[in-house]
Amino acid sequence: MDFSAVSSALKAIGELTQEVTSLWGVDEQVEGLASELRWMQSFLKVADARKVDHEVIRTSVVEIRELAYDAEDVIEMFALKVASKRKGGFSNCIKRSACFLKEGCLLHQIKSEIEKITARIKELARQLQMYDVSKFEVDGEGPSSSTVRLEARRPYPHVMDDNIVGLDNDVKKLVTVLLNEQSECRVVSICGMGGLGKTTLAKKIYHHSQVVGHFKHLVWIYVSQHCQKRKVWEDILSELLILSEEDRKVNVEKLAKKLSSFFEENKCLVILDDVWNIEAWDSLKPAFSARETKSKILLTSRNKEIVADADKNGFLYELQELDYNQSWKLFQKIAFPQSNSPGYKIDAKMKELGEDMVKHCAGLPLAIIILGGILATKYPSLTEWLKVSANVKSYLNNNKGEVLRDVLALSYDDLPPYLRPCFLYLSHFPEDYEIPVDRLIQLWVAEGIVSSKQEEGDEGQIAEDVAEGYLLELAERCMIQVRERDIATLKIRSFQMHDLMRDVCLSNAKQQKFLYIADQSNACQLSTIGRVRRVSAHKFFWIQCIKSPRLRSLLFFDEFLPREEMVKFLPLTIQSYIKNQYELHIPLISFLALFVWTVLATKLRGIWKYMFNNFNFLRVLDYERGGAAGCKLPNYIGKLIHLRFLRLRGLDFKSSKLPSSLGNLRCLQSLDLRIESECSNSIHVPNVLWRMQQLRHLYLPEECNRKTKLKLGTLRNLQTLVNFNTKNCHVNDLINMTNIRELEIRGPFNIEDFNTKELDKNPPIIQSKYLYSLSIINEEGRIDPSHLAHLLLSCENISKLRLDVEIRRLPEYHYLCSNLAYMKLRRCKLGEDPMPTLAKLPYLSMLELHEEAFIGKEMFCCGQAFAKLESLSLKELNFLEEWKVSEGAMPCLRRLEIQKCRQLKKLPDGLRFIATIQELKIESMPKTFKDKVEEGGEDFCKVRHVPSIILQDCFW
């Protein structure tokens, strides 16, 4: 069940009722609404706890969510338009008295709205009370859909599948771990998403001759989602042939003790197939508590968290998707029944179709087997194959593909309530899209899907930290595929969804009316749908198609107005002239340009006007790809007072001025103003951002004009600040940002009234203990070394530092935070070798020296230097001639990249002593340098132990 909407509405009411005086006039209505919402929340919790899967409940959940959204909107309208104006002193009272009649009308309207919503909730509650949840069978009428799915998936160890491809190396690795008696590892886990072949791999190990010969007893137990420890333990005893009638009567503690003793005395392998969560393992582990034992446990799971909980020395094996060659090999085995016959040749056209269709399975063995099975029944009809090829996904989701759908749906069924809306939200993003985590978390928080746990006393976690935990849980459950991690913190930076897992996500989102995915082919349907809360536009469409006044979020993944659309609304004669403009006279071209721009500006203004006049409850407005957006950002953007997330990055306006009405958006949490202007390289931002006191993430334009002077000292909740500088902002404001986590300074950074003689007499610049990332970028000027040193001294906990500015001299070691894990220096023009200073950083794992970061001729890494360094990149160090590395330096280095260091004569001798190097990349270096590194060259002996040596573009 999705509780997030109801919880968000109750939170809004709670925040409002903290100030009792503000509720005058609507206090009874608000309290009645809160009471009804609490009842709804309780109802959902009971239904979810009982796993009720009934059509009445599914329909009601959608209706409850809509009512909760309406309640939140009207409460927030009251807070913003009435309650906020009741604060303040005498001057505010004078202003209020001047528009007392207007406030009275608004109060009456809000009161009426609350009463209507309360009445709708009561009516829904009355209908639901007719269906007593406690009388529903668990999971609905008869066996639940998830129970049926689980039973259909039940594996039997003696039943072996002949269609197995690509598991030989996996079997070899796992058998080696299981047979190693010297290792302290007792629990081995095979993890991966549904349909990947975890159970198949476990079966191969179960039947492996070395495993059968090594262990005295082998036991296979299917655990499943509904784990009952007594049944599991009795099944194990039964498999071991030691289950007595007395065992069925004794308490579970005695069963656990009997099993533990048996495992201690005998060498056993117990395979626990399909363990779903930590709770299931915790309930089972008392039976496996023997300390001195040679018994091992092999478990399969979709949840990676289990292995850490099961055994601190446990071995986690993440099963990967098949590569294309393996996928094609498996597909051939099934789709072409005669492929093993002597002299058999696959039809060329069928092969071409098959090779294309197998790509849709994205390496998932179960999907390949199902697709191959469908096509095998239609073999050898080319016509039937063409039909399947035209729409592969629909065949994978029809009755024949039901097994695949059910397998993946089990992962969704098992999600706790707080994770379901988080997972469904991923359906916003297009297929194969690499989802940036920072942006996703900001969207989750803005939509109220994730909120802080401060009021629950859970260590005061802010919403972003809670969201990171939720995302990690989705990754642990193998429902998303991590693509990039942060170098310093190892947090997830971006991820993708497997195509078939995304289909499950889309299917559930559609069923629950969670969002509408729009493009030109289906946008017209939006005009017939009255209630749409979220729209994700993967391709451009005219937003005038949306007729839902209660829309909450709009995400655009295409340009604001693509060029091909611009041409469409011009008269055909004009289109013809434009295509052949080389034949036109200059005056005619000028006239056409003016005409086109006038038409275009009118259309663009119409898009903005429709949006701002009709979507007054919008909370999220996100533009992915920018593009031409008109003359200027209209002033009536200030109408969107409910906005939490506004991203305008890349939008191109004629005017370089942003409207002062942005100051009305006081609920904003994330604001991205990195717009572009045709008329100027610099943007004017009005001094209104200080009003947005809920702002958590602020991205200023890359360059603001000289008239821009922003006061940001009131933004105490700010966590991300990008493109700050002292030309347009006040350096003293930084000290108030006690929650800042990421700070990027772009442009000049100067401290006024700075005491250069006694640095310790200067006040600190930053007082946030959470700041972990600092970047300083200045393409034109330099930064005063003493100002830089003082700034770094204020950053006590940073783990990432990027200096892209001329500094000439690296700050002394004691100014650098010892926690630094990532450091990038670019265009610093250091005259002295920075390595002796950087080598002292105890946790530095990645170092990048790029584009004249160092302008000296010699660089030296002495022994014991860079104890934790794993990656080193040297690029465009144009003056570097000699680099020395002594024995013992960089003992953990795994990757080394050298690019465009054209004066460098040879590789350092010390590389021969670094056994950990896995990759050496040499790019755009002189041919003479490349020849030395290649096999047979004089430097090859230094790197012959490196598994991967990449030589690229070394021609001159």
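One is the number of the first residue; the rest follow in order along the sequence.
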Subject >> K654 vs E678, salt bridge (charged side-chain N to carboxylate O under 4.0 Å, His left out): CA-CA, chis, key distance, verdict >> reply: CA-CA 5 Å; K654 283 284 183 186; E678 291 183 22; 2.6 Å; yes

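- In plain terms, the two heavy atoms of H428 and S536 that are nearest each other are O-OG, 2.6 Å.
- Of the possible polar contacts, none joining the R625 side chain to the E559 backbone as a donor-acceptor pair under 3.5 Å is found.
- Note that OG of S656 is 11.0 Å distant from CD of E703, once rounded to the nearest 0.5 Å.
- Two residues are said to be in side-chain contact when any heavy atoms from C-beta on lie closer than 4.5 Å; V620 and E447 meet this criterion.
- Residues I855 and K829 share a closest heavy-atom pair of CD1-O, 3.8 Å.
- When every heavy atom of I683 is checked against every heavy atom of S677, the shortest pair comes out as CD1-CB, 3.8 Å.
- E870 and S845 form no side-chain donor-acceptor contact under 3.5 Å, judged by distance and modelled atom types alone.
- Put simply, the side chain of W608 never gets that close to the backbone of Y636: no donor and acceptor are under 3.5 Å apart.
- Open room surrounds CD on E796; 12 or fewer heavy atoms of other groups in view lie less than 6.0 Å from it.
- Heavy-atom contacts from other residues, nucleotides or ligands closer than 6.0 Å to NZ of K769 number 12 or fewer.
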**OP:** Take K875 and L849, measure what side-chain contact (heavy atoms from CB on, under 4.5 Å) needs, and give me the verdict at the end.
**Re:** CA-CA 6 Å; K875 291 183 182 179; L849 302 178; over 6 Å; no

Original post:
After noting the C-alpha distance and the side-chain angles of D486 and I492, does the key distance pass the side-chain contact (heavy atoms from CB on, under 4.5 Å) rule?
Top reply: CA-CA 6 Å; D486 188 279; I492 303 170; over 6 Å; no

**OP:** Check step by step if side-chain hydrogen bond (donor to acceptor under 3.5 Å, both in side chains) holds for Y822 and E848.
**Re:** CA-CA 8 Å; Y822 168 79; E848 297 177 350; 3.1 Å; yes

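- Summarising the local packing, CG of N613 is surrounded by more than 12 heavy atoms from other residues, nucleotides or ligands at distances under 6.0 Å.
- Side-chain atoms of R696 and E464, non-hydrogen and from C-beta on, do get closer than 4.5 Å to each other.
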**OP:** Using the side-chain contact (heavy atoms from CB on, under 4.5 Å) rule, take F617 and R552 through it: C-alpha gap first, then chi angles, then the decisive distance, then the call.
**Re:** CA-CA 6 Å; F617 293 96; R552 289 170 73 93; 5.5 Å; no

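- When atom types are taken as modelled, the side chain of N739 and the backbone of R716 share a donor-acceptor pair closer than 3.5 angstrom.
- Remark: N717 CG to T738 OG1 distance equals 8.0 Å, nearest 0.5 Å.
- Within a 6.0 Å radius of OH in Y843, no more than 12 heavy atoms belonging to other residues, nucleotides or ligands are found.
- Within the model, atoms CD of Q719 and CD of E742 stand 9.5 Å from one another, a figure rounded to the nearest 0.5 Å.
- Taking the six-membered ring for Trp and thresholds of 30 and 60 degrees, F754 and H787 have ring planes more than 60 degrees apart, a perpendicular arrangement.
- Side-chain contact between L874 and E897 is absent, with no heavy atoms from C-beta onward closer than 4.5 Å.
- Tested against R826 for a salt bridge (Lys or Arg N to Asp or Glu O under 4.0 Å), the candidates E876, E806, E779, E851 yield a single pass: E851.
- Ring centroids of F645 and W444 are separated by 6.0 Å or more, keeping the two rings apart.
- Annotation: side chain of C901 is not in contact with side chain of N878 (no heavy-atom distance under 4.5 Å).
- Annotation: the span from I487 atom CD1 to L847 atom CG amounts to 11.0 Å, rounded to 0.5 Å.
- Of the possible polar contacts, one joining the N687 side chain to the K711 backbone as a donor-acceptor pair under 3.5 Å is found.
- Side-chain atoms of H790 come within 3.5 Å of backbone N or O of P763 as a donor-acceptor pair.
- With hydrogens and angles ignored, the 3.5 Å screen pairs no side-chain donor or acceptor of D622 with any backbone N or O of L555.
- In this structure, the side chains of L643 and L671 stay at 4.5 Å or more apart for every pair of heavy atoms.
- Side-chain contact between D652 and I675 is absent, with no heavy-atom pair separated by less than 4.5 Å.
- Closest heavy-atom contact between D672 and Y699: OD1-CB, 3.5 Å.
- A pairwise comparison of heavy atoms in Q694 and C667 identifies OE1-O, 4.0 Å as the closest pair.
- A donor-acceptor distance shorter than 3.5 angstrom exists from the side chain of N614 to the backbone of Y610, with no hydrogens or angles considered.
- Residues H697 and S670 have side chains that never bring a donor and an acceptor to within less than 3.5 angstrom of each other.
- In summary, the aromatic rings of Y433 and F557 are positioned with their centroids under 6.0 Å apart.
- Residue-environment remark: CZ (R809) stays at or below the threshold of 12 foreign heavy atoms within 6.0 Å.
- Using modelled atom types, one side-chain atom of S794 and one backbone atom of I765 make a donor-acceptor pair closer than 3.5 Å.
- Minimum interatomic distance between M835 and F860 (heavy atoms only, all atoms of both residues): CB-O, 3.3 Å.
- In this structure, R741 forms a cation-pi arrangement with Y770, its terminal cationic atom sitting closer than 6.0 Å to the ring centre and no more than 45° off the ring axis.
- To the nearest 0.5 Å, the span separating CG on N778 from CD1 on I807 amounts to 12.0 Å.
- For E484, the CD atom counts as densely surrounded, since its 6.0 Å shell holds more than 12 non-hydrogen atoms of other residues, nucleotides or ligands.
- Checking side-chain atoms of D558 against main-chain N and O of F540 turns up a donor-acceptor pair under 3.5 Å.
- For F879 and F854, the ring centers sit 6.0 Å or farther from each other.
- Side-chain contact of S661 with N635: a donor-acceptor pair under 3.5 Å is present, judged by distance alone.
- Using a 4.5 Å heavy-atom cutoff, the side chains of M737 and L712 are in contact.
- K707 NZ: 12 or fewer foreign heavy atoms inside a 6.0 Å radius.
- Proximity of a side-chain donor or acceptor of N705 to a complementary backbone N or O of T708 within less than 3.5 Å is detected.
- Counting heavy atoms of neighbouring residues, nucleotides and ligands inside a 6.0 Å radius, atom NZ of K657 does not exceed 12 of them.
- One distance of note links CH2 of W690 with CG of D733; it measures 12.5 Å at 0.5 Å rounding.
- Two residues are said to be in side-chain contact when any heavy atoms from C-beta on lie closer than 4.5 Å; F749 and N725 fail this criterion.
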**OP:** Dump the intermediate steps for side-chain contact (heavy atoms from CB on, under 4.5 Å) on L561 and L600, then the final yes or no.
**Re:** CA-CA 10 Å; L561 185 61; L600 178 61; 3.5 Å; yes

